[in-house]
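Notes to accompany the following structure.
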Amino acid sequence: MSQSAKLIIISGPSQVGKDAVVNKLLAKATELNLVKAVTYTSREQRPEETKGIDHHFVTPEKFQELIKQDFFLEWAPVREKYFGTPKQAVLDLLAQGKNVILKIDVRGAKQVKEKFSQVLTIFIMPDSLDNLKARMEKKGFSPEQMAIRWQEAMNEIEEAKGYDYKVVNQEGELEQTVSQVVDIINKIS
């Protein structure tokens with residue numbers, strides 16, 4: 001790994017705005033020398049997603065095969081689907097001196113921290129549990145999905161204490177949230 005290259009993990013509960021934060025960070029990719037590691041998933045591709053950019057979409061059987069081959073830096077089942085980060089792709093990007101951003105859950109973050117001593121972990125916090133719940137409800141989850149996601153969110157927020165930084169994503173203040181994350185990344189340089 002290049003001395004200056006950083007491995008950066010962004011985590012947070014469902015609907016907290018992780019994708020929006022990461023997308024805004026990637027819009028500053030040149031300034032931050034930043035690339036996103038494209039994860040693998042066994043879930044179906046959504047209409048707005050692009051293969052190889054949002055995820056690499058594989059069958060559950062193929063994902064299991066990749067696990068057996070020790071292909072992943074981290075992986076976890078999420079709501080009966082698998083998600084994982086390809087180890088060699090991350091190592092190659094770091095070797096090129098790139099800062100690599102991973103948008104992964106708390107379980108994945110723990111796996112990465114066991115393998116890398118130098119990793120920057122940032123947890124995106126909701127400004128309030130009421131706003132987080134409202135975002136989930138607005139998304140239209142079924143009551144069962146809502147219950148599962150809410151429990152996951154509570155578990156993840158509890159795990160945030162193990163992160164280097166916690167950044168609150170204030171409702172309607174995405175640019176401020178992104179600015180705080182940029183400052184953290186630049187401070188660690």
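What you are looking at is a predicted structure, and each value in this text was computed from that prediction instead of being measured.
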Do any N or O atoms from the side chain of [X] and from the backbone of [Y] form a donor-acceptor pair under 3.5 angstrom?
X: Asn99; Y: Ala5; value: no
X: Lys18; Y: Gly12; value: yes
X: Thr59; Y: Lys62; value: yes
X: Gln111; Y: Trp75; value: yes
X: Gln176; Y: Glu173; value: no
X: Asn169; Y: Ile124; value: no
X: Ser42; Y: Val58; value: no
X: Asn33; Y: Gly97; value: yes
X: Glu144; Y: Ile148; value: no

- I would like to know whether Gln96 and Asp92 meet side chain to side chain donor-acceptor pair (under 3.5 Å); could you show each step before the answer? CA-CA 6 Å; Gln96 294 167 27; Asp92 290 348; 5.9 Å; no
Any side-chain heavy atom of [X] sitting closer than 4.5 Å to one from [Y]?
X: Lys139; Y: Gln15; answer: yes
X: Asp54; Y: Val38; answer: no
X: Lys81; Y: Glu44; answer: yes
X: Leu73; Y: Lys115; answer: yes
X: Pro126; Y: Asn131; answer: no
X: Leu7; Y: Leu120; answer: no
X: Ile8; Y: Val100; answer: no
X: Val35; Y: Ile101; answer: no

- What's the verdict on side chain to side chain contact (heavy atoms under 4.5 Å, CB included) for Val106 and Phe123, showing C-alpha distance, side-chain angles and the deciding distance? CA-CA 9 Å; Val106 296; Phe123 193 92; 3.9 Å; yes
Are [X] and [Y] ion-paired here, with the side-chain N under 4.0 Å from a carboxylate O?
X: Glu152; Y: Arg79; answer: yes
X: Lys110; Y: Glu159; answer: yes
X: Lys113; Y: Glu74; answer: no
X: Lys24; Y: Glu175; answer: yes

Is [Y] reachable from [X] through a run of I, L, V, M, F, W or Y residues, each pair having side-chain heavy atoms under 4.5 Å apart?
X: Ile104; Y: Leu34; result: yes
X: Val182; Y: Tyr163; result: yes
X: Phe72; Y: Leu94; result: no
X: Ile185; Y: Ile10; result: yes
X: Phe83; Y: Val16; result: no

Nearest 0.5 angstrom please: [X] [atom1] to [Y] [atom2], how far?
X: Asn186; Y: Ser179; atom1: CG; atom2: OG; value: 9.5 Å
X: Lys103; Y: Leu26; atom1: NZ; atom2: CG; value: 11.0 Å
X: Lys36; Y: Leu93; atom1: NZ; atom2: CG; value: 12.5 Å
X: Phe57; Y: Gln45; atom1: CZ; atom2: CD; value: 4.5 Å

- Aromatic ring pairing Phe71/Tyr40, orientation class (parallel under 30°, perpendicular over 60°, tilted between):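 Ring orientation, 0 to 90° scale: perpendicular.
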- Task: Please report the C-alpha distance between Gln64 and Tyr82 in whole Å, then the side-chain angles of each, then the deciding distance to 0.1 Å, and finally whether the side chain to side chain donor-acceptor pair (under 3.5 Å) criterion is met.
- Result: CA-CA 9 Å; Gln64 288 293 327; Tyr82 293 103; 2.8 Å; yes
- Does the side chain to side chain contact (heavy atoms under 4.5 Å, CB included) test come out yes or no for Val119 and Lys6, once each step is laid out? CA-CA 7 Å; Val119 60; Lys6 291 188 274 287; over 6 Å; no
- Just wondering, more than 12 heavy atoms not from Glu80 lying within 6.0 Å of its CD?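 Open.
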- Query: For atom NZ of Lys28, is the number of surrounding heavy atoms from other residues, nucleotides or ligands below 6.0 Å larger than 12?
  - Reply: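 No.
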- Task: Would you sort out whether Leu25 and Val178 count as a side chain to side chain contact (heavy atoms under 4.5 Å, CB included), showing the intermediate values?
- Result: CA-CA 7 Å; Leu25 291 170; Val178 172; 4.1 Å; yes
- So Thr121 and Tyr165, side chain to side chain donor-acceptor pair (under 3.5 Å) or not? Walk me through it. CA-CA 6 Å; Thr121 57; Tyr165 295 89; over 6 Å; no
- Task: Begin from the C-alpha positions of Thr41 and His55 and carry the test side chain to side chain donor-acceptor pair (under 3.5 Å) through to its verdict.
- Result: CA-CA 7 Å; Thr41 182; His55 297 285; 5.4 Å; no
- Message: Run the side chain to side chain contact (heavy atoms under 4.5 Å, CB included) test on Ser11 and Glu156 for me, step by step, so that the C-alpha distance in whole Å, both residues' side-chain angles and the decisive distance to 0.1 Å come before the verdict.
- Response: CA-CA 9 Å; Ser11 300; Glu156 290 207 321; 5.8 Å; no
